[in-house]
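What follows is a set of notes on a single structure, which appears directly below.
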Amino acid sequence: MSKRWTLGALAAVWLTFSGLAVGQTGTASVTVQVLDAAGQPLAHAVVQLDSAAAARASRAGSPQRIVQRQRRFEPDQIVVTVGTAISFPNQDTVRHHVYSFSPAKRFELQLYTGTPATPVVFDRPGVVVLGCNIHDEMLAWVHVVRTPHFGQTGPDGRLVLHGVPLGVYELAVWHRRLPEGVVVPRQSLRVLASTPTQVVTLGTLLAP
Ligand SMILES: [Cu+2]
């Protein structure tokens, strides 16, 4: 996995939204499809719907683990809500030194084996890139969101968000192939019970 992907790799990202009427409950399902520049489904894209109400409804998730095994992070990508704690058990015999310089969470777990006593609480939204000071090839991403409405696309590049309260949101899509620190384009999305399927091309927004 190269650290140096180009924005061009994501020249075309297509999103399809479909609000499915659930009527009286006041919620809808939102379907998002993300494609790469070649029109192929892009898996593991992070999709989120933000709004002030969504931020108020966001709660810290249950504690998570990112294990180091055979000099790799497992999982190497995770999406959590603000306030979620993650522990970093080292199951290798070699020591690791996990750190991040990302603005959303700067931290360092000095050379260790076993499980550090204190988990790391991810307390700001944003993308946190994890590395190991000893093993340059170790990379992982923690995507921190402040909304209950988020997920990752599957192998077919699709994600369905269920139970989204009707209203106006900002929709953001992120993928690890975006350069670190890139400002991810956001767009307004009004979620209606009868929202027609929408196709949005982010390619023109992402093109250099
Ligand atoms: Cu290491």
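Note that ligands are numbered from 1 as they come in the structure, with each ligand's atoms numbered from 1 the same way. Quick caveat, the model's predicted, so the values are computed rather than measured.
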Between Q187 and Y169, a side-chain donor and acceptor under 3.5 Å: no
Modelled atom types, side-chain donor and acceptor of H44 and Q77, under 3.5 Å: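 The answer is no; no qualifying pair exists.
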N, O or S from C132 under 2.8 Å to the Cu ion (ligand 1):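 For C132, the answer is yes, given that an N, O or S atom comes within less than 2.8 Å of the Cu ion (ligand 1).
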Aromatic ring pairing H96/H135, orientation class (parallel under 30°, perpendicular over 60°, tilted between):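 The rings of H96 and H135 stand perpendicular, inter-plane angle above 60°.
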Atom of H96 nearest the Cu ion (ligand 1) (restricted to N/O/S, atom name only): ND1
Considering only N, O or S atoms of H135, the one closest to the Cu ion (ligand 1): ND1
Donor-acceptor under 3.5 Å (S87 side chain, P119 main chain): no
